[in-house]
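Contents: one structure, followed by commentary.
What you see is a predicted model, and the numbers here were worked out from it, not measured in a lab.
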Amino acid sequence: MARTRREQFIKRRTRVRNKLRRTANGRLRLCVHRSSKNISVQVIDDARGVTLAAASSLERELGHVGKNNRDAAARIGSVIAERAKAAGVGECYFDRGGFLYHGKIKALADAAREGGLKF
């Protein structure tokens with residue numbers, strides 16, 4: 001029986017997160033969420049259940065409100081790298097969720113790496 005797009009997304013997200021949890025070794029998680037209009041990212045400490053840094057295209061000072069394109073993703077990636085370094089985070093793992101590592105997600109990851117995050 002054919003799966004819906006939502007079911008495929010959830011299955012992919014579960015597979016990615018379970019694999020990352022097995023290999024995490026206590027590292028923090030850089031979690032990405034992308035909607036049709038915006039993109040957001042958080043650095044999460046799963047052991048304590050705390051978000052250490054976050055950035056979103058909804059923030060007015062970034063100038064990309066309501067945008068979900070590669071430029072906005074790259075800007076969000078560089079901002080999260082700055083905020084994570086300010087919070088004392090240097091290394092984490094990249095949780096792309098159920099999104100494919102292509103286009104906007106890849107632009108965000110590349111910008112975060114250039115900003116100094118290691119994953």
Side-chain angles (χ1 to χ4, degrees):
M1 182 175 214
R3 294 181 189 264
T4 64
R5 284 182 177 259
R6 181 70 182 159
E7 289 172 337
Q8 290 173 342
F9 175 82
I10 291 170
K11 184 176 179 182
R12 193 167 48 240
R13 180 180 63 191
T14 304
R15 182 179 63 236
V16 167
R17 288 196 178 160
N18 285 338
K19 183 176 180 182
L20 290 173
R21 282 188 188 118
R22 285 192 301 267
T23 60
N25 296 330
R27 285 188 294 170
L28 303 176
R29 176 167 58 116
L30 182 71
C31 182
V32 177
H33 182 266
R34 180 177 61 87
S35 71
S36 61
K37 294 184 179 180
N38 293 295
I39 189 162
S40 61
V41 62
Q42 299 177 356
V43 176
I44 301 170
D45 183 357
D46 288 321
R48 295 186 302 162
V50 176
T51 299
L52 301 174
S56 173
S57 62
L58 289 171
E59 297 176 22
R60 294 202 184 278
E61 62 271 5
L62 299 181
H64 290 288
V65 175
K67 303 280 182 164
N68 186 6
N69 53 29
R70 286 186 188 176
D71 295 333
R75 177 72 178 131
I76 300 300
S78 61
V79 168
I80 194 65
E82 292 170 9
R83 291 180 183 174
K85 288 177 93 177
V89 177
E91 188 173 332
C92 59
Y93 66 89
F94 188 69
D95 179 9
R96 62 182 174 86
F99 304 106
L100 299 178
Y101 188 81
H102 186 270
K104 299 166 203 165
I105 304 297
K106 186 177 186 300
L108 188 142
D110 290 341
R113 281 190 188 107
E114 289 174 10
L117 278 180
K118 294 181 183 177
F119 50 84

Original post:
What's the verdict on side-chain contact (heavy atoms from CB on, under 4.5 Å) for Val43 and Arg83, showing C-alpha distance, side-chain angles and the deciding distance?
Top reply: CA-CA 9 Å; Val43 176; Arg83 291 180 183 174; over 6 Å; no

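- Linking ILVMFWY side-chain heavy atoms closer than 4.5 Å, directly or via other members, places Val41 and Val50 in a single hydrophobic cluster.
- Checked by atom type and distance alone, the side chain of Ser57 pairs as donor or acceptor with a backbone atom of Ile39 at under 3.5 Å.
- Residues Leu30 and Leu52 share a single hydrophobic cluster, defined by chaining ILVMFWY side chains whose heavy atoms lie under 4.5 Å apart.
- Of all the heavy atoms in Ala111 and Ser78, the pair that sits closest is CB-N, 3.8 Å.
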Original post:
After noting the C-alpha distance and the side-chain angles of Asp71 and Arg75, does the key distance pass the side-chain contact (heavy atoms from CB on, under 4.5 Å) rule?
Top reply: CA-CA 6 Å; Asp71 295 333; Arg75 177 72 178 131; over 6 Å; no

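- Here the OG1-CG distance, from Thr23 to Asn18, works out to 11.0 Å after rounding to the nearest 0.5 Å.
- The aromatic rings of Phe119 and Phe94 sit parallel, their planes meeting at an angle under 30°, below the 60° perpendicular limit.
- Considering CG of Leu108 and CD1 of Ile80, their distance stands at 8.5 Å, rounded to 0.5 Å.
- Residues Tyr101 and Tyr93 do not share a hydrophobic cluster, defined by chaining ILVMFWY side chains whose heavy atoms lie under 4.5 Å apart.
- In this structure, the side chains of Thr51 and Ile44 come closer than 4.5 Å at one or more pairs of heavy atoms.
- One distance of note links CZ of Phe99 with CZ of Arg13; it measures 8.5 Å at 0.5 Å rounding.
- At least one side-chain heavy atom of Arg17 sits under 4.5 Å from a side-chain heavy atom of Arg21.
- Residue Arg29 holds its CZ atom at 5.0 Å from CG of Asp95, rounded to the nearest 0.5 Å.
- The two residues Ala107 and Arg70 make their nearest non-hydrogen contact at CB-O, 4.1 Å.
- To the nearest 0.5 Å, the span separating NZ on Lys11 from CZ on Arg6 amounts to 15.5 Å.
- Of the possible polar contacts, none joining the Glu82 side chain to the Val79 backbone as a donor-acceptor pair under 3.5 Å is found.
- Going from atom NZ of Lys118 over to atom CZ of Arg27 covers 12.0 Å, rounded to the nearest 0.5 Å.
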